[in-house]
Asks: 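Quick one: the structure is below, questions incoming.
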Protein chains: 4
Amino acid sequence: MIVPNPDRRSERARRAILSAALELCVEESFARLTMEGVAKRAGVGKQTIYRWWPSKSAVLLEAIDDRAGDTLDFPDTGDLVADLRTQMIQLARTLTDPVFAASLRGLIAAAQSDADAAESLYRTLMKPRVELCAERLKKAQQAGQVRPEVAPEDLIELLYAPLYYRLLLQHRPIDEAQIGTILDLIFPSLAPA
Amino acid sequence: MIVPNPDRRSERARRAILSAALELCVEESFARLTMEGVAKRAGVGKQTIYRWWPSKSAVLLEAIDDRAGDTLDFPDTGDLVADLRTQMIQLARTLTDPVFAASLRGLIAAAQSDADAAESLYRTLMKPRVELCAERLKKAQQAGQVRPEVAPEDLIELLYAPLYYRLLLQHRPIDEAQIGTILDLIFPSLAPA
Amino acid sequence: MIVPNPDRRSERARRAILSAALELCVEESFARLTMEGVAKRAGVGKQTIYRWWPSKSAVLLEAIDDRAGDTLDFPDTGDLVADLRTQMIQLARTLTDPVFAASLRGLIAAAQSDADAAESLYRTLMKPRVELCAERLKKAQQAGQVRPEVAPEDLIELLYAPLYYRLLLQHRPIDEAQIGTILDLIFPSLAPA
Amino acid sequence: MIVPNPDRRSERARRAILSAALELCVEESFARLTMEGVAKRAGVGKQTIYRWWPSKSAVLLEAIDDRAGDTLDFPDTGDLVADLRTQMIQLARTLTDPVFAASLRGLIAAAQSDADAAESLYRTLMKPRVELCAERLKKAQQAGQVRPEVAPEDLIELLYAPLYYRLLLQHRPIDEAQIGTILDLIFPSLAPA
DNA sequence: TAATAACCGAGACGGTACGTCCCGTCTTTGA
DNA sequence: TCAAAGACGGGACGTACCGTCTCGGTTATTA
């Protein structure tokens, strides 16, 4: 496979494609999002999309990752529950933003039939944030605030999975009350004996 | 809309269609599952599918619901945690069955772009089981085993969401260890003060 | 290769496609004639064209053959030169008809890069007419009007090639004067010694 | 339109382009000959082709004209039929040369949809040779070997059209026998009464 | 017991989008 | 300043499916 020269890449086209993808994903839905529609909306040839991305989920992943930007940080005030609450509320806001919600739901949908999409979704969007959270939890364990035998990754799943559950099932809305419930139900169990 | 007469419906065709849908969903994936493929595999005209189902996700939902059969029961030995463990292990087995996993992942994917699919997926597959579990939890609350101010629906989400998280993200496998972790981390918080 | 069932073929679509092909070939040119354009003009899906014809030259060949219709006859008054003149004038009219000229020029152009197109062009349009002419010439030879050692096929090429030469080179127009010249220059040589 | 400075033109690039065009036209066909293919094969940028030629037929015309070289001469031994035979055999050899045949068939095909290509093809390749032949015929007329009222251009068409007919229809091969037939059938009519 | 519906299989239809090829133009870097 | 390289916006290719439609051909009542 011949790889195009990234130095000659048109930044204008790149931005137009990513914007068009996000817009169309919200206006329609991921399933009705088409490469042809993106090309038309972006004023770009289809080949220019295929030159730089292998699939529509790859375009959307880059678009949403660009938009998420540098929000890679995890608060550390010393109070673990307060920090988690702050961060989870921030995530809840993101997951209820129409653009982000539509994109992420689409990406997760795509991941169900496309292992590459699943892999890059996890690696790009989720893994870095999971790792930051894991570090914060380890620090709390070292400070004696959390039982040492709890694996941070397990705890992270417990805390965050209910948000994704509501994102994907859409049966109940993601909100701050949910976050309160999650923290209330889990944290009393976590203090060392 | 003209509804065909269900009395004259061919049971042979119905079964062939549902089987073909499940087979193809596993062999390929939900995204590559096509009405034409199902019709061909089932030895059936396309019209026969469209006559009885509005979409491929509707076919698959009926197929998987048929297969799940009458497993609508929730153990009640008096020991809530033991009962939940039993039931969750049963669910884990279902979610790791290739046919069920492929179908459910596809249905959830479809639900991201199709509100009807989302609604019927929840109503048909999830709601009855959620309600059974809620009843069991209420009984436990009445028996003084669980703090009364905890909403059963919230607790259910906390317990089950991590399984769906792993089903959809495919980053870690669903297994019994996970269920142990979930129960260990949540239940110490639940006993009434 | 799976062959579609001709009994179910839509005559309406067939006619619309052939008409659209002829129209577009004249309005634009064979090189600018596209399957997409024909489908659009005919109000037809592209697949419906590809189902019944392998290429645009095949469509055009059938269109022009349909239009030529049953003009498969060769006059026989007993006077060979008069009969040839009659028939050649008829051909000249055909070759100067805009629709026929554009189509035939396009078909011959296509034949230069496509052996199948060349073969079917010859077999469908030319061969039957060449054979009729050859029969007429043989009859004239039997009547002692033409030297018996002349091969009818050779004579036919001599008579008709100049018309095609002008059709394709477009440097001088095809007209009755040309036909007079051709017959005048060739026939004095043909009488038996 | 900005015309580039011919003094700075790269002769190396020009030769590479013309060679590549001829090679590809033979290996594939004129229809499958592409500017990109020529550029790649010639090791040249596409712009370098578009700078000096307007179309692929223009490239090919120059290529074949270069190759035909200075074969612009018409024998004159005093014996018209012998001279024509000599020259026509020479032409037959050219028309059966694979490179020349593929190119000329392609150029004539292109001429069917492109008036510029038709015009430059006639002017460059055909006209000079037609004129030489016409001069030779006029000389024969002055020598009383050919009826004076025959227009040389008409006679030329009669003589040469059958060769082009076989080149383009490919139904019978061009060979010396054909040339004998042509001359035998036409020349008895030409002597002055 | 014929006729007469209704569903069945099959698949042609008008249509959308796919992913690819090539067009002719434009832009960058180097000779 | 021209050349090589190739990215760009764009149009058409030939294919896969969509969801609708139109055919006979079995059934399975209803006159």
Side-chain angles (χ1 to χ4, degrees), chain A residues 2 4-10 12-14 16 32-40 42-52 54-56, chain B residues 2 4-10 12-14 16 32-40 42-52 54-56, chain C residues 2 4-10 12-14 16 32-40 42-52 54-56, chain D residues 2 4-10 12-14 16 32-40 42-52 54-56:
Chain A
I2 58 164
N5 180 348
D7 294 344
R8 304 235 185 234
R9 184 170 185 181
S10 160
R12 190 196 63 67
R14 179 179 165 277
R32 277 175 289 282
L33 176 68
T34 66
M35 290 298 226
E36 216 138 63
V38 171
K40 175 91 72 176
V44 138
K46 280 199 286 179
Q47 192 63 57
T48 301
I49 309 183
Y50 285 108
R51 195 160 14 234
W52 303 109
S55 64
K56 65 177 183 171
Chain B
I2 302 168
N5 181 349
D7 294 343
R8 310 200 53 169
R9 183 171 186 181
S10 159
R12 189 196 62 69
R14 178 177 167 277
R32 276 175 289 282
L33 176 68
T34 67
M35 290 300 225
E36 300 219 321
V38 172
K40 179 82 77 178
V44 137
K46 282 199 287 177
Q47 193 61 263
T48 302
I49 308 183
Y50 285 108
R51 203 174 352 249
W52 303 108
S55 64
K56 66 176 183 171
Chain C
I2 58 165
N5 180 347
D7 293 345
R8 301 235 187 253
R9 183 170 187 181
S10 161
R12 189 196 62 68
R14 179 178 166 276
R32 275 174 290 281
L33 176 69
T34 67
M35 289 299 226
E36 216 137 66
V38 171
K40 175 91 73 174
V44 138
K46 279 198 286 178
Q47 193 63 58
T48 301
I49 309 183
Y50 285 109
R51 197 163 7 238
W52 303 109
S55 64
K56 64 177 184 170
Chain D
I2 301 169
N5 180 349
D7 293 345
R8 309 203 50 172
R9 184 170 186 181
S10 158
R12 189 196 63 69
R14 178 178 168 276
R32 276 176 289 283
L33 176 68
T34 67
M35 289 301 225
E36 300 219 322
V38 172
K40 179 82 78 179
V44 137
K46 282 199 286 178
Q47 193 62 262
T48 302
I49 308 183
Y50 285 108
R51 199 164 6 239
W52 304 108
S55 65
K56 67 175 182 171

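Here the structure is a predicted model, which is why all the values come from computation and not from measurement. Atoms considered below: every heavy atom in the structure, side chains included; atoms not considered: hydrogens, waters and symmetry mates. Just so we're on the same page: letters track the sequence lines, and every chain starts at 1.
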Asks: Would you mind reading off the distance between C:Arg51 atom CZ and E:dG11 atom P, rounded to a whole angstrom?
Replies: 11 Å
Asks: Considering every strand and a 4.0 Å limit on heavy-atom distances, what is the contact class for B:Gly37: base, sugar-phosphate, or nothing?
Replies: nothing
Asks: D:Thr48 has a side chain; which of E:dC13, F:dG14, F:dA3 sits nearest to it?
Replies: F:dA3
Asks: Distance check needed: E:dC23 P versus D:Arg32 CZ, whole Å only.
Replies: 14 Å
Asks: Specify the closest pair of heavy atoms between B:Pro4 and B:Arg51, including all atoms of both residues, with the distance to one decimal.
Replies: CG-CG, 3.5 Å
Asks: Determine the minimum heavy-atom distance between D:Lys46 and D:Ala39, stating which atoms define it.
Replies: CG-CB, 3.9 Å
Asks: Between atom CD of D:Gln47 and atom CD1 of D:Ile49, what is the distance when rounded to the nearest 0.5 Å?
Replies: 10.0 Å
Asks: If you measure from CD on B:Glu36 to NZ on B:Lys40, what distance do you get to the nearest 0.5 Å?
Replies: 8.0 Å
Asks: For A:Asp7 and F:dC8, what is the distance between atoms CG and P respectively, to the nearest whole Å?
Replies: 12 Å
Asks: Over how many whole Å does the gap from A:Ile49 atom CD1 to E:dC18 atom C1' extend?
Replies: 12 Å
Asks: For E:dG14, does the base pair up with any side-chain atom of C:Lys46 as donor and acceptor (N or O, under 3.5 Å, distance only)?
Replies: no
Asks: Produce the list of close N/O pairs, under 3.5 Å, pairing protein atoms with atoms of nucleotides 26-31 of chain F; give distances to one decimal.
Replies:
from, atom 1, to, atom 2, distance (Å)
F:dT27, O2, B:Arg8, NH2, 3.3

Asks: Identify, between C:Met35 and D:Lys40, the residue whose nearest nucleotide on DNA chain F lies closer to the 5' end.
Replies: D:Lys40
Asks: Roughly how many Å is it from NZ in D:Lys56 to P in E:dG24, rounded to a whole number?
Replies: 9 Å
Asks: Tell me: CZ of C:Arg9 to P of E:dA12, nearest whole Å?
Replies: 11 Å
Asks: Of the candidate nucleotides F:dC18, E:dA17, F:dC8, which contains the atom at the shortest distance from the side chain of B:Tyr50?
Replies: F:dC18
Asks: Could you tell me how far apart C:Trp52 (CH2) and E:dC13 (C1') are, to the nearest whole angstrom?
Replies: 11 Å
Asks: Mapping B:Ser55 and D:Asn5 to their closest nucleotides on DNA chain F, which lands nearer the 5' end?
Replies: D:Asn5
Asks: What integer distance in Å separates C:Gln47:CD from E:dC18:P?
Replies: 17 Å
Asks: I want to confirm an ordering. Mapping D:Glu36 and B:Arg12 to their closest nucleotides on DNA chain E, which one lands closer to the 5' end?
Replies: B:Arg12
Asks: Ring of A:Trp52, cation from A:Arg9 - is the NZ or CZ under 6.0 Å from the centre and inside 45° of the axis?
Replies: yes
